[in-house]
Amino acid sequence: MRRTDHYVLVERVDAVETTAKGVLATLGRERLRVDVVRDDVVRLKISRGGQLDEEPTFAVCVDPLARDVAFEVEHGDDAVRIRTSALVVTVWLDPFRLDVHRTDGSPVVETALDDHGRPWAYATLNDAFVLRRRCRPEDAIFGLGEKTGRLNRRGREFTLWNTDVLAPTASGEFTRGLDPADPRADSTSTEFDPYYVSIPFFYHQAYPSGAMAGSFLDNGYRTEYDFTAPHEYAVHASGGQYTEYVFAGPTMPAILEAYTELTGRTAPPPLWALGFHQSRWHDYTQDAVQRLARRHRELEVPCDALWLDIDYMDGYRVFTWDAERFPDVPGMLASLADEGFRVITIVDPGIKHDPGYAVFDDAVAQDVLCRTEGGDLYVGQVWPGNTVFPDFVTEEARAWWGRLNAAHVRSGLAGIWNDMNEPATGHIDPLPMRFGRGAYPHERFHNQYALLMAMGTTQGLLAEMPDRRTFVLSRAGSAGIQRYAANWMGDNMSRWDHLWLSMPMAAGFGISGQAFVGADIGGFMGDSGPELLLRWTQYGALTPFCRNHSVNTAVEQYAWAYGGAVLDVVRDAVRLRYRLLPYLYAAFLRASETGAPVQRPLVFDFGDDLVTRDLDDEYLLGPDLLVAPVVEPGVTARQVYLPEGGWYDWHTDAPVPGRRFVVAPAPMDRIPLYARAGAVIPGWTQAPASTSGYHPVEVELHLFVPTRDGTHVSFLQEDDGLTFAALRGARYRTTFTVTRAGAEVTMRGDVVGDGYPEFARTAFHLVVHGGQPATVHLDGVEVHADAGRFVLPNSGQGFVVRLEL
């Protein structure tokens with residue numbers, strides 16, 4: 001734990017007054033403000049120099065105090081209490097302490113006491129501050145976004161500082177001085193910290209009740225979380241003001257819904273972005289890219305997007321093309337579009353310091369570059385050599401960057417890939433880089449740099465393509481990045497332990513508000529192999545973002561790289577993803593509406609089951625599919641935990657009761673996959689070559705018969721998959737309510753939406769899993785099976801299906 005013996009404690013409250021939203025307390029020369037945000041959320045703020053910073057970061061995207069929330073303030077001799085229908089905030093006066101409890105008395109946040117019995121609600125030293133909170137040894141901690149190691153963060157300490165993990169000059173600060181036997185001494189290990197993305201939001205789960213509380217520290221400075229002590233945890237920020245949102249929960253979904261209401265949610269993606277993507281850092285030519293596209297079509301490996309890394313540029317100058325390698329960019333992109341391929345290029349923030357290069361010259365003329373304290377242009381070192389960096393803190397720089405991106409995609413590109421945006425500055429110290437035309441120190445906006453870059457990028461894409469959903473992929477990020485970009489997990493390794501690592505890392509992302517995530521399939525650094533590529537594709541095909549990507553020095557790891565046997569299995573895995581795209585798309589829409597993750601740990605849905613909090617090698621894809629990848633070589637069976645409820649083996653239809661461990665077969669051609677009883681999994685009857693122009697005539701409905709009486713709700717949304725028209729009603733959303741009562745199962749389909757021009761469906765194909773119905777009736781008319789399925793004529797109307805088992 002960080003030494004805090006020289007920190008100055010705030011020891012008492014001098015006065016408290018009631019405000020329109022809570023209370024304002026005097027703490028010597030500083031002020032504490034407690035604001036009621038919702039019945040179940042409060043905001044705690046402490047000033048610096050007597051001034052309160054109302055916008056400490058760019059994370060919160062709404063007015064947090066817009067709601068009219070009923071609360072009462074009780075003034076006592078020793079404490080002041082703010083009470084809502086869900087929680088009670090207690091401000092203890094002397095000694096000063098801050099506690100939050102639910103109205104039933106259970107703790108949300110409780111101040112820890114030191115060895116002398118003094119409460120450590122808030123202490124400062126030279127602009128840094130520390131908070132110490134009570135916990136139990138048996139409690140669990142989740143969240144903090146992109147972190148290595150186990151999903152349960154208890155027993156470890158973490159730093160939030162966006163880091164170019166494999167760059168020794170960046171990661172060396174965090175490996176230096178560690179025992180070589182400590183896994184954190186190796187930046188490629190599955191324990192190294194910190195990583196590319198910093199999200200100061202976490203959950204504290206109480207033992208044994210399973211009740212969850214949440215904390216979001218709205219502070220962009222370097223922050224440390226220490227969960228190693230048995231009876232307390234500590235939060236230390238190196239600068240800025242203390243602004244914390246406290247969430248009473250008591251469930252993880254409720255907390256995440258409230259957090260993403262504040263920081264935004266993953267926008268509905270274009271459907272093609274959910275397809276399979278092929279990328280490699282390689283010096284492609286125009287002809288080579290077109291051959292790569294043809295190879296996917298010839299071998300019938302579905303693919304929606306091809307990616308170009310840094311070698312497509314002219315001398316690594318952003319927003320340029322190498323004219324020798326790519327003599328006709330618009331022609332190439334149009335030709336690929338005709339074959340159903342989108343193309344995405346990398347764009348780094350580092351601009352080559354090169355007078356005569358139009359982007360550099362214009363940046364200098366527009367005064368949109370970061371400067372040093374003395375007023376010089378800050379110069380770092382990235383791929384082009386000496387580089388300068390846009391000052392994304394200013395609105396002018398973001399708008400300027402947006403215009404460059406708009407011009408870049410005008411040629412026919414579909415999206416933008418933001419890399420090196422921690423920001424990475426090579427062997428040159430980033431700290432002299434200042435923001436806001438030199439007004440702000442680097443530390444204030446370092447972690448937010450990628451968020452601001454994505455904000456400008458998205459602004460440009462929307463200006464150029466105002467009717468199209470945007471797609472931006474970012475390596476770095478902070479709280480709120482989900483509003484503008486997807487994240488991939490950076491430069492991972494072609495190793496089995498990194499395949500495993502991507503599961504708890506994706507889960508950490510998902511429960512921290514970022515639903516659109518994925519790891520490079522096959523691994524980026526090092527050489528993959530046939531079994532690793534096969535198993536990683538099977539897993540990656542069942543994650544939110546699905547991209548095969550590798551470094552230029554590695555062996556090829558295309559779908560066909562290891563011959564026919566591996567190709568067959570890889571192709572089947574990708575085809576399964578495409579057939580499940582309607583289900584996956586619905587999961588993304590849930591994320592956009594509620595914040596619920598697409599790839600989520602079992603503890604998200606089953607927080608009252610204490611087994612789930614320590615499961616790192618299986619997860620839910622959406623609410624109804626449980627995925628258990630193979631993460632070791634030579635494995636042909638593995639243990640899987642199935643939580644409460646009934647489940648069906650996807651591959652065999654065998655029903656399996658929940659709340660138990662099972663040994664699941666995992667032959668080389670599949671990984672364990674289970675569907676929740678009662679669910680309706682919508683899917684396509686076949687896997688198209690790409691989603692481009694694909695509007696099926698039939699849609700499969702896989703009904704997994706409930707194993708006990710009750711009701712389960714699922715949905716399918718059909719829209720154009722490209723524009724914002726669905727938000728204005730141009731869609732069909734069919735909500736499936738499945739109810740079992742004894743031997744009768746009813747599936748009701750309720751439809752909203754006005755339809756859309758490309759809609760082509762004429763029928764649902766109902767596939768029943770878990771029983772052979774004696775009769776099936778559609779709106780009272782008996783329907784007979786045809787090749788094991790029931791054809792339900794439907795072109796966007798509501799319906800009722802009744803099954804007698």
**Message:** Does any part of the side chain of P302, heavy atoms only, come nearer than 4.5 Å to the side chain of F276, both counted from C-beta?
**Reply:** no

**Asked** Just by modelled atom types, is the I521 backbone N or O under 3.5 Å from a matching donor or acceptor in the Q557 side chain?
**Response** yes

**Request:** Would you check if V801 and L766 make a side-chain contact, meaning some heavy-atom pair closer than 4.5 Å?
**Result:** yes

**Request:** Calculate, to the nearest 0.5 Å, the distance between atoms CG and CG belonging to L716 and L589 respectively.
**Result:** 10.0 Å

**Prompt:** Charged N to carboxylate O under 4.0 angstrom, E804 versus R740?
**Reply:** no

**Asked** What is the ring orientation for W560 with H296, classed by angle as parallel under 30°, tilted 30 to 60°, or perpendicular over 60°?
**Response** perpendicular

**Request:** If the plane angle is over 60° it's perpendicular, under 30° parallel, otherwise tilted; pick one for W417 and W307.
**Result:** perpendicular

**Message:** Parallel, tilted or perpendicular, judged at 30° and 60°: which one describes the rings of H702 and W650?
**Reply:** tilted

**Request:** Mind listing the closest non-hydrogen atom pair of E644 and W647 along with its distance?
**Result:** O-NE1, 3.8 Å

**Message:** Could you tell me if T723 and D720 have a donor-acceptor pair between their side chains, going purely by distance under 3.5 Å?
**Reply:** yes

**Asked** Which pair of non-hydrogen atoms, one from A305 and one from H277, has the smallest distance, and what is that distance?
**Response** CB-ND1, 3.2 Å

**Prompt:** So, R600 side chain and P597 main chain: donor-acceptor pair closer than 3.5 Å or not?
**Reply:** yes

**Asked** For E700 and R789, what are the C-alpha separation, side-chain angles and deciding distance, and is it a salt bridge (charged side-chain N to carboxylate O under 4.0 Å, His left out)?
**Response** CA-CA 9 Å; E700 289 182 340; R789 58 187 58 211; 2.8 Å; yes

**Request:** Grab the two heavy atoms, one from F715 and one from A586, that are nearest each other, plus how far apart they are.
**Result:** CZ-O, 3.4 Å

**Request:** Assess whether atom CD of E300 is packed by more than 12 heavy atoms of other residues, nucleotides or ligands within 6.0 Å.
**Result:** no

**Asked** Rounded to the nearest 0.5 Å, what separation is found between the CZ atom of R577 and the OG1 atom of T537?
**Response** 11.5 Å

**Message:** Which residue in the set V751, D754, V752 passes side-chain contact (heavy atoms from CB on, under 4.5 Å) when paired with R731?
**Reply:** V752

**Asked** Is the centre of the F704 ring less than 6.0 Å from the centre of the H769 ring?
**Response** yes

**Prompt:** Between atom CG of L308 and atom CE of M332, what is the distance when rounded to the nearest 0.5 Å?
**Reply:** 6.0 Å

**Message:** Just by distance, no angles: are the side chains of T711 and T739 close enough, under 3.5 Å, to form a donor-acceptor pair?
**Reply:** yes

**Prompt:** Are the side chain of Y539 and the backbone N or O of V627 linked by a donor-acceptor pair below 3.5 Å?
**Reply:** no

**Request:** Tell me, yes or no, whether the heavy-atom count around R748 atom CZ, taken from other residues, nucleotides or ligands under 6.0 Å, exceeds 12.
**Result:** no

**Item:** Backbone of R265 reached by a side-chain donor or acceptor of E593 within 3.5 Å
**Value:** no

**Prompt:** Would you call L602 and L626 a side-chain contact if the rule is heavy atoms closer than 4.5 Å?
**Reply:** yes

**Request:** Ignoring hydrogens and angles, state whether a donor on the side chain of Q797 or S795 is under 3.5 Å from an acceptor on the partner side chain.
**Result:** yes

**Item:** Closest non-hydrogen atom pair between V713 and R590, with its separation
**Value:** O-NH2, 4.2 Å

**Message:** I need the W488 CH2 to F509 CZ distance, nearest 0.5 Å.
**Reply:** 10.5 Å

**Item:** W684 and its ring-ring contact (aromatic ring centres under 6.0 Å, His included) partner, picked from Y694, Y578, Y583
**Value:** Y694

**Asked** To the nearest 0.5 Å, how far apart are CG in L461 and CG in N405?
**Response** 6.0 Å

**Message:** Whether the D304 and T691 side chains hold a donor-acceptor pair (N or O, under 3.5 Å, no angle test) is what I'd like checked.
**Reply:** yes

**Prompt:** Sub-3.5 Å donor-acceptor pair from the side chain of S279 to the main-chain atoms of H549, do we have one?
**Reply:** no

**Message:** Taking D617 first and then R638, would you say they form a salt bridge - that is, a charged N and a carboxylate O separated by under 4.0 Å?
**Reply:** yes

**Derivation and outcome, salt bridge (charged side-chain N to carboxylate O under 4.0 Å, His left out), residues R291 and E339** = CA-CA 12 Å; R291 286 196 302 271; E339 296 298 321; over 6 Å; no

**Asked** Do L642 and V662 have side-chain heavy atoms sitting under 4.5 Å apart?
**Response** yes

**Close side-chain approach of H695 to Y756, heavy-atom, < 4.5 Å** = yes

**Message:** Is it true that, when you exclude E298 itself, more than 12 heavy atoms of the residues, nucleotides or ligands shown sit nearer than 6.0 Å to its CD?
**Reply:** yes

**Message:** Assess the residue pair L778 and F799 against the criterion (side-chain contact (heavy atoms from CB on, under 4.5 Å)); give the C-alpha distance rounded to whole Å, side-chain angles, the decisive distance to 0.1 Å, and a yes or no.
**Reply:** CA-CA 7 Å; L778 170 64; F799 63 90; 3.8 Å; yes

**Asked** Got a donor-acceptor contact below 3.5 angstrom from the R761 side chain to the N794 backbone?
**Response** yes

**Fill in**
dist D669:CG -> H651:NE2 (nearest 0.5 Å) comes out at 8.0 Å

**Item:** Side chains of R547 and Q278 in contact at under 4.5 Å (non-hydrogen atoms)
**Value:** no

**Prompt:** Is a donor on one side and an acceptor on the other found under 3.5 Å between the side chain of D520 and the backbone of N548?
**Reply:** no

**Request:** State whether the side chain of R535 and the backbone N or O of P629 hold a donor-acceptor pair below 3.5 Å, judged by distance alone.
**Result:** no

**Message:** Just so I know, are the side chains of F516 and Q482 near enough to count as touching, which here means a heavy-atom distance under 4.5 Å?
**Reply:** no

**Asked** What are the two closest heavy atoms between C303 and L306, and how far apart are they?
**Response** SG-CD2, 4.1 Å

**Message:** Side chains of H712 and D624 only: does a donor on one sit below 3.5 Å from an acceptor on the other?
**Reply:** yes

**Item:** From CA spacing to verdict: side-chain contact (heavy atoms from CB on, under 4.5 Å), V472, N418
**Value:** CA-CA 7 Å; V472 177; N418 288 343; 3.6 Å; yes

**Message:** Are Y732 and F759, when compared by the centres of their aromatic rings, separated by less than 6.0 Å?
**Reply:** yes

**Prompt:** Should S411 and L333 count as side-chain neighbours, where that means a heavy-atom distance under 4.5 Å?
**Reply:** yes

**Message:** Using modelled atom types and a 3.5 Å cut-off, is there a donor and acceptor pairing between side-chain atoms of R469 and backbone atoms of P269?
**Reply:** yes

**Prompt:** Parallel, tilted or perpendicular: which fits the ring planes of F471 and W272, with parallel below 30° and perpendicular above 60°?
**Reply:** perpendicular

**Donor-acceptor contact present, side-chain T263 to main-chain G480, <3.5 Å** = no

**Request:** Specify the closest pair of heavy atoms between P643 and F606, including all atoms of both residues, with the distance to one decimal.
**Result:** CG-CE1, 3.4 Å

**Test item: side-chain donor near acceptor, D609 and Y641, under 3.5 Å** = yes

**Prompt:** Between T470 and Y484, does any side-chain donor sit less than 3.5 Å from a side-chain acceptor?
**Reply:** no

**Item:** CA sep, side-chain torsions, deciding dist, call: T746, V738, side-chain contact (heavy atoms from CB on, under 4.5 Å)
**Value:** CA-CA 6 Å; T746 302; V738 176; over 6 Å; no

**Message:** Apply side-chain contact (heavy atoms from CB on, under 4.5 Å) to residues V767 and F790 and explain how you reach the verdict.
**Reply:** CA-CA 7 Å; V767 183; F790 299 89; over 6 Å; no

